[in-house]
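Scroll down for the structure; my scribbles are underneath it.
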Amino acid sequence: MADSLSLPIAPIAANYDHSSLLSRNSAFSSRLLPSKCFSSGKNKLNLSSLGQYSFHSLHHRVAPIRALDSDVPHPLHKGMLTGLLGNLSLLSYFAKKKEKEAAVVQTLGVVSTYVVISQLAMAEAMPLPHFMATSVVVGSGLILNLLNYYNILNRRIWQIWEDFITVGGLSVLPQIMWSTFVPYIPNSILPGAIAFILAVAAVTMAHTGKLSEKGVKFVGAISGWTATLLFMWMPVSQMWTNFLNPDNIKGLSAISMLLAMTGNGLMIPRALFIRDFMWFTGSTWGTVSYGYANIVCLYIFNSIGREFFIAATVGLISWLGITLWRDTVVHEYESPVRTLKELVFGS
(Lines give C-alpha, C1' and ligand atoms only; values in the text may rest on other atoms or scores of the structure.)
Protein backbone atom coordinates (compact mmCIF):
# COMPACT_ATOMS: atom_id res chain seq x y z
CA MET A 1 0.00 0.00 0.00
CA ALA A 2 2.84 2.34 0.82
CA ASP A 3 4.08 2.03 -2.73
CA SER A 4 1.05 3.89 -4.04
CA LEU A 5 1.30 6.85 -1.64
CA SER A 6 3.02 10.14 -2.39
CA LEU A 7 5.14 11.89 0.19
CA PRO A 8 2.94 14.63 1.77
CA ILE A 9 4.68 18.00 2.16
CA ALA A 10 2.88 20.71 4.09
CA PRO A 11 3.42 24.40 3.15
CA ILE A 12 6.49 25.66 4.96
CA ALA A 13 8.14 29.04 5.08
CA ALA A 14 10.18 29.58 1.97
CA ASN A 15 13.28 30.60 3.86
CA TYR A 16 13.52 27.35 5.81
CA ASP A 17 16.55 25.28 4.92
CA HIS A 18 14.97 21.88 4.38
CA SER A 19 18.27 20.20 3.56
CA SER A 20 19.52 20.88 7.05
CA LEU A 21 16.55 18.97 8.44
CA LEU A 22 17.30 16.05 6.16
CA SER A 23 20.96 16.02 7.02
CA ARG A 24 20.20 15.96 10.72
CA ASN A 25 17.79 13.05 10.38
CA SER A 26 19.76 10.97 7.91
CA ALA A 27 23.31 11.14 6.73
CA PHE A 28 22.40 9.80 3.33
CA SER A 29 19.01 11.44 2.68
CA SER A 30 20.24 13.67 -0.10
CA ARG A 31 21.60 10.66 -1.93
CA LEU A 32 18.14 9.08 -1.99
CA LEU A 33 16.57 12.08 -3.79
CA PRO A 34 17.23 13.16 -7.35
CA SER A 35 19.12 16.35 -7.97
CA LYS A 36 16.04 18.12 -9.33
CA CYS A 37 14.52 18.05 -5.86
CA PHE A 38 17.08 20.67 -4.73
CA SER A 39 17.27 24.27 -5.89
CA SER A 40 20.42 24.91 -7.86
CA GLY A 41 23.25 26.38 -5.87
CA LYS A 42 21.28 26.67 -2.65
CA ASN A 43 21.11 23.06 -1.52
CA LYS A 44 17.45 23.64 -0.63
CA LEU A 45 14.50 21.41 -1.34
CA ASN A 46 12.35 22.13 -4.38
CA LEU A 47 8.92 21.24 -2.96
CA SER A 48 7.16 20.99 -6.32
CA SER A 49 9.65 18.40 -7.53
CA LEU A 50 9.70 16.53 -4.26
CA GLY A 51 5.92 16.29 -4.21
CA GLN A 52 6.10 14.22 -7.37
CA TYR A 53 8.71 11.86 -5.91
CA SER A 54 6.78 8.91 -4.50
CA PHE A 55 7.60 6.19 -2.06
CA HIS A 56 7.53 3.86 -5.03
CA SER A 57 10.81 5.32 -6.26
CA LEU A 58 12.30 5.27 -2.80
CA HIS A 59 11.28 1.64 -2.41
CA HIS A 60 13.33 0.64 -5.44
CA ARG A 61 16.32 2.70 -4.34
CA VAL A 62 16.30 1.30 -0.82
CA ALA A 63 15.14 -2.32 -1.20
CA PRO A 64 14.09 -4.04 2.03
CA ILE A 65 16.59 -6.47 3.53
CA ARG A 66 15.22 -9.89 4.36
CA ALA A 67 15.32 -10.79 8.00
CA LEU A 68 17.76 -13.70 7.67
CA ASP A 69 19.78 -12.62 4.63
CA SER A 70 23.50 -12.83 5.22
CA ASP A 71 26.75 -13.60 3.49
CA VAL A 72 26.77 -17.17 4.75
CA PRO A 73 27.73 -19.35 1.77
CA HIS A 74 25.35 -22.19 2.64
CA PRO A 75 21.75 -21.02 3.28
CA LEU A 76 20.23 -22.31 6.49
CA HIS A 77 17.15 -23.79 4.81
CA LYS A 78 19.29 -26.13 2.69
CA GLY A 79 20.74 -27.74 5.82
CA MET A 80 17.28 -28.02 7.30
CA LEU A 81 16.00 -29.74 4.15
CA THR A 82 18.82 -32.28 4.40
CA GLY A 83 17.86 -33.09 7.99
CA LEU A 84 14.20 -33.26 6.98
CA LEU A 85 14.98 -35.81 4.26
CA GLY A 86 16.93 -37.88 6.79
CA ASN A 87 14.03 -37.84 9.26
CA LEU A 88 11.52 -38.81 6.58
CA SER A 89 13.72 -41.67 5.38
CA LEU A 90 14.21 -43.06 8.89
CA LEU A 91 10.51 -42.59 9.63
CA SER A 92 9.70 -44.77 6.64
CA TYR A 93 12.28 -47.34 7.75
CA PHE A 94 10.94 -47.64 11.30
CA ALA A 95 7.28 -47.45 10.27
CA LYS A 96 7.86 -50.37 7.91
CA LYS A 97 9.50 -52.37 10.72
CA LYS A 98 6.63 -51.41 13.07
CA GLU A 99 9.06 -49.87 15.57
CA LYS A 100 6.51 -47.53 17.16
CA GLU A 101 8.77 -45.60 19.55
CA ALA A 102 11.47 -44.98 16.97
CA ALA A 103 8.86 -43.94 14.38
CA VAL A 104 7.40 -41.45 16.86
CA VAL A 105 10.86 -39.95 17.47
CA GLN A 106 11.41 -39.48 13.74
CA THR A 107 7.92 -38.00 13.34
CA LEU A 108 8.73 -35.43 16.00
CA GLY A 109 11.95 -34.69 14.11
CA VAL A 110 10.01 -34.12 10.88
CA VAL A 111 7.44 -31.86 12.55
CA SER A 112 9.97 -29.78 14.51
CA THR A 113 12.16 -29.31 11.43
CA TYR A 114 9.13 -28.30 9.36
CA VAL A 115 8.19 -25.70 11.98
CA VAL A 116 11.64 -24.12 11.65
CA ILE A 117 11.42 -24.22 7.85
CA SER A 118 8.01 -22.51 8.07
CA GLN A 119 9.55 -19.73 10.14
CA LEU A 120 12.31 -19.32 7.56
CA ALA A 121 9.69 -19.06 4.82
CA MET A 122 7.72 -16.43 6.75
CA ALA A 123 10.95 -14.46 7.19
CA GLU A 124 11.49 -14.69 3.41
CA ALA A 125 14.73 -16.59 3.97
CA MET A 126 13.39 -19.47 1.89
CA PRO A 127 11.82 -19.14 -1.58
CA LEU A 128 8.06 -19.71 -1.54
CA PRO A 129 8.09 -22.38 -4.30
CA HIS A 130 10.66 -24.37 -2.30
CA PHE A 131 8.51 -24.09 0.82
CA MET A 132 5.37 -25.21 -1.02
CA ALA A 133 7.17 -28.22 -2.51
CA THR A 134 8.57 -29.09 0.94
CA SER A 135 5.11 -28.85 2.47
CA VAL A 136 3.71 -31.29 -0.10
CA VAL A 137 6.53 -33.78 0.54
CA VAL A 138 6.21 -33.53 4.33
CA GLY A 139 2.42 -33.86 4.30
CA SER A 140 2.54 -36.79 1.88
CA GLY A 141 5.31 -38.51 3.84
CA LEU A 142 3.52 -38.29 7.18
CA ILE A 143 0.20 -39.52 5.75
CA LEU A 144 1.75 -42.37 3.75
CA ASN A 145 3.80 -43.59 6.72
CA LEU A 146 0.76 -43.50 8.99
CA LEU A 147 -1.32 -45.49 6.52
CA ASN A 148 1.48 -47.98 5.93
CA TYR A 149 2.04 -48.48 9.65
CA TYR A 150 -1.58 -49.64 10.00
CA ASN A 151 -1.38 -51.72 6.78
CA ILE A 152 -4.06 -49.76 4.94
CA LEU A 153 -1.88 -48.35 2.15
CA ASN A 154 -1.71 -49.72 -1.37
CA ARG A 155 1.57 -51.54 -1.85
CA ARG A 156 2.27 -49.85 -5.19
CA ILE A 157 1.91 -46.37 -3.67
CA TRP A 158 4.27 -47.27 -0.86
CA GLN A 159 6.81 -48.58 -3.38
CA ILE A 160 6.73 -45.25 -5.24
CA TRP A 161 7.38 -43.41 -1.96
CA GLU A 162 10.27 -45.72 -1.11
CA ASP A 163 11.78 -45.15 -4.55
CA PHE A 164 11.49 -41.39 -4.05
CA ILE A 165 13.33 -41.34 -0.73
CA THR A 166 15.91 -43.82 -2.04
CA VAL A 167 16.81 -41.66 -5.02
CA GLY A 168 16.63 -38.45 -2.96
CA GLY A 169 18.78 -39.75 -0.12
CA LEU A 170 21.42 -41.33 -2.32
CA SER A 171 21.66 -38.13 -4.40
CA VAL A 172 22.00 -35.80 -1.42
CA LEU A 173 24.50 -37.81 0.66
CA PRO A 174 27.64 -37.51 -1.56
CA GLN A 175 26.80 -33.90 -2.36
CA ILE A 176 26.67 -33.02 1.35
CA MET A 177 29.95 -34.84 1.96
CA TRP A 178 31.60 -33.01 -0.92
CA SER A 179 30.32 -29.56 0.07
CA THR A 180 31.70 -29.94 3.60
CA PHE A 181 35.24 -29.44 2.31
CA VAL A 182 34.54 -26.55 -0.07
CA PRO A 183 36.51 -24.27 -0.75
CA TYR A 184 39.43 -26.66 -0.16
CA ILE A 185 38.03 -28.66 -3.06
CA PRO A 186 36.20 -27.24 -6.11
CA ASN A 187 32.53 -26.43 -5.66
CA SER A 188 30.68 -28.89 -7.90
CA ILE A 189 27.33 -30.63 -8.25
CA LEU A 190 29.01 -33.58 -9.96
CA PRO A 191 28.90 -35.93 -6.91
CA GLY A 192 25.16 -35.45 -6.50
CA ALA A 193 24.51 -35.76 -10.23
CA ILE A 194 26.47 -39.02 -10.51
CA ALA A 195 24.75 -40.44 -7.42
CA PHE A 196 21.34 -39.48 -8.84
CA ILE A 197 22.01 -41.36 -12.07
CA LEU A 198 23.24 -44.42 -10.17
CA ALA A 199 20.23 -44.33 -7.83
CA VAL A 200 17.74 -44.13 -10.69
CA ALA A 201 19.55 -46.98 -12.47
CA ALA A 202 19.55 -49.15 -9.34
CA VAL A 203 15.83 -48.59 -8.68
CA THR A 204 14.97 -49.27 -12.33
CA MET A 205 16.98 -52.50 -12.39
CA ALA A 206 15.36 -53.65 -9.16
CA HIS A 207 11.88 -53.20 -10.66
CA THR A 208 12.71 -54.79 -14.00
CA GLY A 209 14.08 -58.00 -12.52
CA LYS A 210 17.67 -57.39 -13.55
CA LEU A 211 19.01 -57.78 -10.00
CA SER A 212 19.32 -60.88 -7.86
CA GLU A 213 17.20 -61.29 -4.75
CA LYS A 214 20.10 -60.12 -2.65
CA GLY A 215 20.55 -57.09 -4.93
CA VAL A 216 16.87 -56.13 -4.64
CA LYS A 217 17.14 -56.40 -0.87
CA PHE A 218 20.22 -54.18 -0.94
CA VAL A 219 18.42 -51.49 -2.99
CA GLY A 220 15.51 -51.65 -0.56
CA ALA A 221 17.86 -50.88 2.34
CA ILE A 222 19.53 -47.91 0.62
CA SER A 223 17.10 -45.29 1.92
CA GLY A 224 17.61 -46.33 5.53
CA TRP A 225 21.38 -46.43 5.21
CA THR A 226 21.61 -43.09 3.39
CA ALA A 227 19.49 -41.47 6.10
CA THR A 228 21.72 -42.99 8.77
CA LEU A 229 24.87 -41.84 6.96
CA LEU A 230 23.42 -38.33 6.59
CA PHE A 231 23.06 -38.08 10.35
CA MET A 232 26.41 -39.77 10.89
CA TRP A 233 28.03 -37.11 8.72
CA MET A 234 26.78 -34.31 10.98
CA PRO A 235 29.47 -34.84 13.64
CA VAL A 236 32.14 -35.13 10.94
CA SER A 237 31.07 -31.77 9.55
CA GLN A 238 31.00 -30.31 13.05
CA MET A 239 34.47 -31.60 13.92
CA TRP A 240 35.84 -30.29 10.62
CA THR A 241 34.39 -26.88 11.45
CA ASN A 242 35.94 -27.06 14.92
CA PHE A 243 39.28 -27.93 13.38
CA LEU A 244 39.20 -24.97 10.99
CA ASN A 245 37.75 -22.50 13.51
CA PRO A 246 38.50 -23.53 17.11
CA ASP A 247 36.70 -20.44 18.39
CA ASN A 248 33.42 -21.96 17.19
CA ILE A 249 33.67 -24.50 20.00
CA LYS A 250 32.83 -21.75 22.48
CA GLY A 251 29.42 -21.48 20.85
CA LEU A 252 28.57 -25.14 21.52
CA SER A 253 26.29 -25.93 24.43
CA ALA A 254 27.62 -28.63 26.73
CA ILE A 255 24.08 -29.50 27.82
CA SER A 256 22.96 -29.88 24.21
CA MET A 257 25.86 -32.23 23.49
CA LEU A 258 25.05 -34.22 26.64
CA LEU A 259 21.43 -34.53 25.53
CA ALA A 260 22.56 -35.63 22.07
CA MET A 261 24.77 -38.29 23.62
CA THR A 262 22.01 -39.45 25.96
CA GLY A 263 19.25 -39.48 23.33
CA ASN A 264 21.26 -41.55 20.88
CA GLY A 265 22.50 -43.80 23.68
CA LEU A 266 18.97 -44.68 24.74
CA MET A 267 18.37 -46.15 21.28
CA ILE A 268 21.31 -48.55 21.46
CA PRO A 269 19.75 -51.30 23.65
CA ARG A 270 16.70 -51.74 21.41
CA ALA A 271 18.80 -51.75 18.23
CA LEU A 272 21.10 -54.34 19.76
CA PHE A 273 18.26 -56.51 21.04
CA ILE A 274 16.56 -56.84 17.63
CA ARG A 275 19.95 -57.12 15.87
CA ASP A 276 19.38 -54.08 13.65
CA PHE A 277 22.92 -53.26 12.55
CA MET A 278 21.95 -50.05 10.73
CA TRP A 279 20.07 -48.65 13.73
CA PHE A 280 22.83 -49.72 16.11
CA THR A 281 25.52 -48.12 13.92
CA GLY A 282 23.70 -44.79 13.66
CA SER A 283 22.85 -44.63 17.37
CA THR A 284 26.33 -45.60 18.52
CA TRP A 285 27.97 -43.16 16.11
CA GLY A 286 25.69 -40.36 17.26
CA THR A 287 26.41 -41.15 20.90
CA VAL A 288 30.19 -41.35 20.57
CA SER A 289 31.12 -39.16 17.61
CA TYR A 290 28.53 -36.41 17.96
CA GLY A 291 27.63 -36.09 21.61
CA TYR A 292 30.74 -37.35 23.42
CA ALA A 293 33.32 -36.18 20.85
CA ASN A 294 32.07 -32.60 21.14
CA ILE A 295 32.16 -32.86 24.92
CA VAL A 296 35.80 -33.88 24.57
CA CYS A 297 36.43 -30.82 22.37
CA LEU A 298 34.75 -28.57 24.92
CA TYR A 299 36.95 -30.03 27.66
CA ILE A 300 40.16 -29.66 25.64
CA PHE A 301 39.42 -25.98 25.04
CA ASN A 302 38.49 -25.41 28.70
CA SER A 303 34.83 -24.71 27.98
CA ILE A 304 33.61 -27.23 30.58
CA GLY A 305 34.94 -28.36 33.94
CA ARG A 306 36.74 -31.60 34.71
CA GLU A 307 33.83 -32.87 36.80
CA PHE A 308 31.41 -32.54 33.88
CA PHE A 309 33.79 -34.33 31.54
CA ILE A 310 34.49 -37.19 33.96
CA ALA A 311 30.78 -37.66 34.68
CA ALA A 312 29.97 -37.82 30.96
CA THR A 313 32.80 -40.28 30.31
CA VAL A 314 31.92 -42.60 33.18
CA GLY A 315 28.23 -42.44 32.28
CA LEU A 316 28.87 -43.35 28.63
CA ILE A 317 31.23 -46.25 29.38
CA SER A 318 28.88 -47.61 32.06
CA TRP A 319 25.85 -47.43 29.78
CA LEU A 320 27.57 -49.22 26.90
CA GLY A 321 28.91 -51.89 29.27
CA ILE A 322 25.51 -52.46 30.91
CA THR A 323 23.83 -52.67 27.49
CA LEU A 324 26.18 -55.42 26.28
CA TRP A 325 26.00 -57.25 29.60
CA ARG A 326 22.19 -57.25 29.79
CA ASP A 327 21.82 -58.39 26.17
CA THR A 328 24.21 -61.25 26.85
CA VAL A 329 22.19 -62.28 29.90
CA VAL A 330 18.84 -62.08 28.10
CA HIS A 331 20.05 -64.29 25.25
CA GLU A 332 21.92 -66.59 27.69
CA TYR A 333 25.25 -66.18 25.92
CA GLU A 334 28.60 -66.71 27.56
CA SER A 335 30.13 -63.42 26.33
CA PRO A 336 29.10 -60.24 24.48
CA VAL A 337 31.35 -61.27 21.59
CA ARG A 338 28.61 -63.54 20.26
CA THR A 339 26.13 -60.68 20.57
CA LEU A 340 28.28 -58.40 18.43
CA LYS A 341 28.95 -61.19 15.94
CA GLU A 342 25.23 -61.79 15.44
CA LEU A 343 24.67 -58.04 15.13
CA VAL A 344 27.18 -57.64 12.29
CA PHE A 345 26.93 -60.97 10.45
CA GLY A 346 23.50 -62.25 11.49
CA SER A 347 22.60 -65.34 13.49
Side-chain angles (χ1 to χ4, degrees), residues 80-114 117 130 132-177 191-233 267 270-271 274-283 346:
M80 300 300 294
L81 290 175
T82 302
L84 185 63
L85 178 61
N87 284 128
L88 280 172
S89 298
L90 287 179
L91 171 59
S92 300
Y93 177 79
F94 289 124
K96 186 176 181 179
K97 291 175 68 72
K98 301 297 186 286
E99 288 289 340
K100 182 178 180 180
E101 292 77 11
V104 169
V105 170
Q106 298 304 323
T107 301
L108 293 175
V110 171
V111 173
S112 60
T113 303
Y114 180 73
I117 289 177
H130 293 186
M132 297 301 295
T134 301
S135 300
V136 172
V137 172
V138 169
S140 302
L142 292 176
I143 293 173
L144 292 175
N145 277 285
L146 178 64
L147 295 177
N148 187 65
Y149 183 84
Y150 289 104
N151 298 316
I152 53 178
L153 181 67
N154 181 275
R155 183 175 179 81
R156 177 57 182 164
I157 296 177
W158 177 252
Q159 186 63 60
I160 293 174
W161 169 254
E162 282 195 319
D163 291 344
F164 171 76
I165 58 177
T166 296
V167 173
L170 194 56
S171 302
V172 168
L173 177 61
Q175 190 63 47
I176 292 296
M177 291 179 171
I194 294 175
F196 174 79
I197 295 173
L198 293 176
V200 172
V203 169
T204 302
M205 293 174 66
H207 290 314
T208 55
K210 295 182 178 181
L211 294 179
S212 63
E213 183 179 348
K214 187 174 293 186
V216 172
K217 187 176 180 181
F218 173 78
V219 172
I222 287 179
S223 61
W225 272 107
T226 52
T228 301
L229 292 172
L230 277 172
F231 286 113
M232 288 175 65
W233 190 254
M267 296 289 187
R270 176 61 181 173
I274 65 173
R275 301 298 190 261
D276 191 320
F277 183 55
M278 187 202 74
W279 190 3
F280 179 85
T281 301
S283 299

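All values below were derived from every heavy atom in this structure, side-chain atoms included, with hydrogens, water molecules and symmetry-related copies excluded.
Listed here is the closest heavy atom pair of G192 and Q175: N-OE1, 2.9 Å. For the pair A95 and N145, the tightest heavy-atom approach, listed with the atom from each and the gap, is CB-OD1, 3.7 Å. Pairing each heavy atom of G109 with each of S112, the nearest pair is O-OG, 3.1 Å. G141 approaches L88 most closely through the heavy-atom pair CA-CD2, 4.3 Å. Pairing each heavy atom of S89 with each of I165, the nearest pair is OG-CB, 3.9 Å. Contact detail for L170 and A195: the closest heavy-atom pair is O-CB, 3.2 Å.
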- Task: Could you check V138 against L142 for side-chain contact (heavy atoms from CB on, under 4.5 Å), going step by step and ending with a plain yes or no?
- Result: CA-CA 6 Å; V138 169; L142 292 176; 4.0 Å; yes
- Query: Stepwise, does the salt bridge (charged side-chain N to carboxylate O under 4.0 Å, His left out) test hold for E101 with R270?
  - Reply: CA-CA 10 Å; E101 292 77 11; R270 176 61 181 173; over 6 Å; no
- Tell me, with the steps shown, if M267 and V105 meet side-chain contact (heavy atoms from CB on, under 4.5 Å). CA-CA 10 Å; M267 296 289 187; V105 170; 3.6 Å; yes
- Worked verdict on Y93 versus W279 for ring pair (Phe, Tyr, Trp, His ring centres under 6.0 Å): CA-CA 10 Å; Y93 177 79; W279 190 3; 8.0 Å; no
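Between M278 and L90 the shortest side-chain heavy-atom distance falls below 4.5 Å. Taking 4.5 Å as the limit, some side-chain heavy atom of V137 sits within range of a side-chain heavy atom of F164. A heavy-atom distance below 4.5 Å is not found between the side chains of V136 and M132. Put simply, the side chain of W158 does not reach to within 4.5 Å of the side chain of L147, judged on heavy atoms. Contact of the K97 side chain with the D276 side chain is registered, since non-hydrogen atoms from C-beta on lie closer than 4.5 Å. You'll find the side chain of I157 stays beyond 4.5 Å of the side chain of W161, heavy atoms only. The side-chain heavy atoms of E99 and I274, taken from C-beta on, include a pair separated by under 4.5 Å. Between N87 and F231, some side-chain heavy-atom pair lies under the 4.5 Å cut-off.
In this structure, OG1 in T134 is found 5.5 Å from CD1 in I117, a value given to the nearest 0.5 Å. The CZ atom of F94 lies 12.5 Å from the OH atom of Y149; values are rounded to the nearest 0.5 Å. Here NZ of K217 is found 14.0 Å from CD1 of I222. Values are rounded to the nearest 0.5 Å. Of the inter-residue distances, the one linking T166 atom OG1 with Q159 atom CD reads 8.0 Å to the nearest 0.5 angstrom. Atom OG1 of T226 is separated from atom CG of L85 by 7.0 Å, given to the nearest 0.5 angstrom. The structure places CG of L173 at 10.5 Å from CE of M232, a figure rounded to the nearest 0.5 Å.
For Q106 (side chain) and L91 (main-chain N/O), no donor-acceptor pair under 3.5 Å exists by modelled atom type.
Applying the 6.0 Å contact sphere to NZ of K98 captures more than 12 heavy atoms from other residues, nucleotides or ligands.
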